[in-house]
Q: 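First, the structure itself, so that you have it in front of you.
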Amino acid sequence: MNEALDHTTVVHAMQPDDTPELRELYRGFEEQSLLPLWTQLGDLMPIHPKSKAVPHVWRWSKLLPLAQRSGELVPVGRGGERRAIGLGNPGLAPHAYVSPTMWAAIQYLGPREVAPEHRHSQNAFRFVVEGEGVWTVVNGDPVRMSRGDLLLTPGGNWHGHQNVTDQPMAWIDGLDMPFGQQMDVGFFEFGPDQLTCLDTPEYSRGERLWCYPGLRPLSQLKDTVNSPIGAYRWQYTDAALSQQLALEAEGYPATVATGHAAIRYVNPTTGGDVMPTIRAEFHRLREGTQTETRRDVGSTVFQVFDGRGAVVMNGETHSLERGDMFVVPSWISWSLQAETRFDLFRFSDAPIMEKLNFMRTEIEV
């Protein structure tokens, strides 16, 4: 097909003449809940992805005060379960979806508060941009939450949270909730009102068993769908990124691009993604670095962990600073620009797109 033609032009050209007989045919379609493909082609089979989601930036300076205010006005406990505020993409209203497949929220837990245990089919994670003092208990294993940590709660796992300090704490949640909702696969179950473990160890049992580079316990040789590691600690993420850039400076090609270090959090039993529907990464750009412009099938969300910079989405530049979050919908062009050293946490639905063989990437040259 000539690239100058689009579906609107082609579909309009192929439409039959408007006649009483055709109108009668269409009434018959409507009565039987039928829709002819020849009038729906542009919506059902676009030339390229055209997400209803739109590029959008949420400012941490606006999110955090609202979360704090909700802490004053909204109790946390059985029924509401979590004081979590979903980031609603303006193009997907009224749903609080950050993208068609993913849900993101800021969650806030006040001093000495406890969020009761529950479990659900949806896969979830937490990423901490600031604060400490909360332990999340996953299947009875208490996991410390601190700045820069990625914490996993795969689907079907019991989990609750407790703040053991006199200071509140906020973090972001990410789930595959919209994907699960559209696929009709969701289950939810309330757990006990009291956490199954009130301990506050420095490291969880999962970390003590699994977090030794290149080593696997012989008691755990069966691969698992989800990563058995409950927390990926900032100290190791930071060290890995720092060493990539250090090696690059020494002339060894250790970074994904000049001045751009990146890691992917992986399931140590398979080497694949930490959960089957969510990919998690961390990116560090040297001061003054700009990434290539690209488009990807599927959606991705970033949170600025530290530094200042910008994202360019569909040619529009958005300045960014610590805590800010933004979403890049499917097939939207985007690139990053670092004003200072620029650290960003990233999560996406890439595992879904790759497993279903829908993934495609285009790099602008």
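Here the structure is a predicted model, which means the values were calculated and not measured.
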Q: For Glu321 and Arg308: C-alpha separation, side-chain torsions, deciding distance, then whether salt bridge (charged side-chain N to carboxylate O under 4.0 Å, His left out) applies.
A: CA-CA 5 Å; Glu321 57 186 26; Arg308 296 188 310 276; over 6 Å; no
Q: Mind checking what makes salt bridge (Lys or Arg N to Asp or Glu O under 4.0 Å) contact with Arg126, not counting sequence neighbours?
A: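 Expected list: Asp173.
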Q: Taking the basic N atoms (NZ, or NE/NH1/NH2) and the acidic carboxylate oxygens, is any pair closer than 4.0 Å for Arg233 and Glu207?
A: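 Here Arg233 pairs with Glu207 in a salt bridge, since their nearest N and O are under 4.0 Å apart.
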Q: Got a sec: does the OH of Tyr252 have more than 12 other heavy atoms crowding it under 6.0 Å?
A: no
Q: Check the pair Met102, Phe347 against side-chain contact (heavy atoms from CB on, under 4.5 Å), reporting the backbone distance first and the verdict last.
A: CA-CA 9 Å; Met102 297 187 298; Phe347 67 99; 3.7 Å; yes
Q: Can you find a heavy atom in the side chain of Met313 that is under 4.5 Å from one in the side chain of Ser333?
A: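 No - every pair of side-chain heavy atoms lies 4.5 Å or more apart.
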Q: Could you tell me the separation between the CE atom of Met145 and the CG atom of Leu109, rounded to the nearest 0.5 Å?
A: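 The CE atom of Met145 sits 8.5 Å away from the CG atom of Leu109.
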Q: Ignoring hydrogens and angles, tell me if any N or O in the side chain of Arg83 forms a donor-acceptor pair with the backbone of Tyr108 under 3.5 Å.
A: yes
Q: Evaluate the side-chain proximity of Pro268 to Ile229: yes if any heavy-atom separation is below 4.5 Å, no if none is.
A: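 Yes, close enough: below the 4.5 Å cut-off.
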Q: More than 12 heavy atoms of other residues, nucleotides or ligands under 6.0 Å from CZ of Phe358: yes or no?
A: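 Open.
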Q: Among Trp171, Phe125, Trp234, which residue meets the ring pair (Phe, Tyr, Trp, His ring centres under 6.0 Å) test with Phe345?
A: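 Running ring pair (Phe, Tyr, Trp, His ring centres under 6.0 Å) over Trp171, Phe125, Trp234 with Phe345 returns exactly one hit, Phe125.
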Q: If we only count heavy atoms from C-beta on, is the Pro116 to Glu81 side-chain gap below 4.5 Å?
A: yes
Q: Quick one: is the NZ or CZ of Arg147 closer than 6.0 Å to the six-membered ring centre of Phe305, and within 45° of its axis?
A: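 Relative to the ring axis of Phe305, which defines the angle, Arg147 lies inside both limits.
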Q: Side chains of Gln290 and Leu336: does their closest heavy-atom pair fall under 4.5 Å?
A: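 With C-beta onward as the side chain, the pair stays apart.
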Q: Membership question, hydrophobic clusters at under 4.5 Å side-chain separation (ILVMFWY): are Val301 and Ile106 in the same one?
A: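 Same cluster: Ile106 reaches Val301 through Ile, Leu, Val, Met, Phe, Trp or Tyr contacts under 4.5 Å.
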Q: For residues 60-69, which side-chain N or O atoms pair as donor and acceptor with protein atoms under 3.5 Å away, sequence neighbours left out?
A:
from  : atom 1 : to     : atom 2 : distance (Å)
Trp60 : NE1    : Glu130 : OE1    : 3.4
Arg69 : NH1    : Glu72  : OE1    : 2.4

Q: How many angstroms lie between CG in Leu198 and CH2 in Trp135, if you round to the nearest 0.5 Å?
A: 12.0 Å
Q: Does CD belonging to Glu30 count more than 12 external heavy atoms closer than 6.0 Å?
A: no
Q: Side chains of Arg284 and Ser242: any donor to acceptor distance under 3.5 Å?
A: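 Side-chain D/A pair, Ser242 to Arg284: present.
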Q: Can you check whether Met177 reaches Tyr97 side chain to side chain, under 4.5 Å on heavy atoms?
A: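 Of all side-chain heavy-atom pairs linking Tyr97 with Met177, none is under 4.5 Å.
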Q: How about His260 and Thr289: does a side-chain donor come under 3.5 Å of a side-chain acceptor?
A: no
Q: Could you tell me whether Gln194 atom CD has more than 12 heavy atoms of other residues or ligands within 6.0 Å of it?
A: no
Q: If every non-hydrogen atom of Ile172 is compared with every non-hydrogen atom of Gln303, which pair is closest and at what distance?
A: CD1-OE1, 3.4 Å
Q: Kindly assign one of parallel, tilted or perpendicular to the pair His118 and His159, based on the angle between their ring planes and the thresholds 30° and 60°.
A: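 Ring orientation, 0 to 90° scale: perpendicular.
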Q: Assess, by modelled atom type and distance only, whether the side chains of Asp223 and Thr270 contain a donor and an acceptor separated by less than 3.5 Å.
A: no
Q: Quick one: pull up CG in Asp43 and NZ in Lys50 and give me the separation to the nearest 0.5 Å.
A: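 Nearest 0.5 Å value for the CG-NZ distance: 9.0 Å.
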Q: Counting only N and O atoms by type, is there a donor-acceptor contact under 3.5 Å from the side chain of Arg119 to the main-chain atoms of Phe190?
A: no
Q: Do Ile263 and Leu245 sit in the same hydrophobic cluster, where Ile, Leu, Val, Met, Phe, Trp and Tyr count as joined when their side-chain heavy atoms come under 4.5 Å apart?
A: no
Q: Could you tell me whether a side-chain N or O of Asn157 sits under 3.5 Å from a main-chain N or O of Pro154, the two making a donor and an acceptor?
A: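 Present.
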Q: Name all residues meeting the side chain to side chain donor-acceptor pair (under 3.5 Å) criterion together with Ser227; count only those two or more places apart in sequence or in a different chain, and write none if there are none.
A: Tyr232
Q: When you look at CD of Gln243, are more than 12 heavy atoms from neighbouring residues, nucleotides or ligands closer to it than 6.0 Å?
A: no
Q: Under a 4.5 Å cut-off applied to non-hydrogen side-chain atoms, are Ser335 and Val311 in contact?
A: no
Q: Please tell me if the side chains of Val327 and Thr300 come closer than 4.5 Å, counting only heavy atoms from C-beta onward.
A: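 No, side chains not in contact.
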Q: Work out which heavy atom in Glu248 is nearest to a heavy atom in Thr255; give both atom names and the distance.
A: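 Residues Glu248 and Thr255, closest heavy atoms: OE2-OG1, 2.8 Å.
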Q: In Å and rounded to the nearest 0.5 Å, what is the OG to CE distance from Ser330 to Met353?
A: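 Ser330 OG to Met353 CE: 6.5 Å, rounded to 0.5 Å.
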Q: If you measure only the distance, is there a donor-acceptor pair under 3.5 Å linking the side chains of Asp296 and Trp334?
A: yes
Q: Please list, chain by chain and in numerical order, all residues satisfying ring pair (Phe, Tyr, Trp, His ring centres under 6.0 Å) with His56, sequence neighbours excluded.
A: Trp58
Q: Show the numbers, then the answer: is there a salt bridge (charged side-chain N to carboxylate O under 4.0 Å, His left out) between Asp343 and Arg341?
A: CA-CA 7 Å; Asp343 283 0; Arg341 193 185 83 174; 3.5 Å; yes
Q: Counting only heavy atoms not in Lys52 (residues, nucleotides, ligands), do more than 12 fall under 6.0 Å from its NZ?
A: no
Q: For atom CZ of Arg360, is the number of surrounding heavy atoms from other residues, nucleotides or ligands below 6.0 Å larger than 12?
A: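 No, not enclosed.
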Q: Only pairs at least two apart or in different chains count here, so list each ring-ring contact (aromatic ring centres under 6.0 Å, His included) that has a residue in residues 70-89.
A: none
Q: Between atom CZ of Phe342 and atom CZ of Arg322, what is the distance when rounded to the nearest 0.5 Å?
A: 13.0 Å
Q: Quick one, Thr269 and Pro228 - any side-chain contact, counting heavy atoms below 4.5 Å?
A: yes
Q: As a quick check of understanding, evaluate salt bridge (charged side-chain N to carboxylate O under 4.0 Å, His left out) for Arg295 and Glu362, giving each step before the final call.
A: CA-CA 5 Å; Arg295 303 174 191 266; Glu362 179 182 278; 3.4 Å; yes
Q: Of all the heavy-atom pairs spanning Thr39 and Gln15, show the shortest one and how long it is.
A: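 The answer is CG2-OE1, 3.7 Å.
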Q: Does a side-chain N-to-carboxylate-O contact under 4.0 Å join Asp193 and Arg78?
A: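 Answer for the salt bridge query: yes.
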Q: Within this structure, what is the NE2-CD distance for the pair His283 and Glu281, rounded to the nearest 0.5 Å?
A: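 Answer rounded to 0.5 Å: 4.0 Å.
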Q: Any chance CZ of Phe187 has more than 12 other-residue heavy atoms, nucleotides or ligands included, within less than 6.0 Å?
A: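 Open: at most 12 neighbouring heavy atoms sit under 6.0 Å from CZ of Phe187.
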Q: Would you check, one step at a time, whether the test salt bridge (charged side-chain N to carboxylate O under 4.0 Å, His left out) holds for Glu354 with Arg279?
A: CA-CA 11 Å; Glu354 291 176 354; Arg279 174 163 297 166; 2.7 Å; yes
Q: Of all residues at least two apart in sequence or in a different chain, which pass the salt bridge (Lys or Arg N to Asp or Glu O under 4.0 Å) check with Arg208?
A: none
Q: Is the backbone of Gly110 close enough, under 3.5 Å, to the side chain of Glu113 for a donor and an acceptor to pair up by distance?
A: yes
Q: With distance as the sole criterion, is a donor-acceptor pair present between the side chains of Thr165 and Asn163 under 3.5 Å?
A: yes
Q: Spell out, as yes or no, whether a donor-acceptor pair under 3.5 Å connects the side chain of Asp273 to the backbone of Pro351.
A: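 No, because the side chain of Asp273 does not come within donor-acceptor range (under 3.5 Å) of the backbone of Pro351.
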Q: Between Phe282 and Arg346, is there a cation-pi geometry (under 6.0 Å to ring centre, at most 45° from the normal)?
A: no
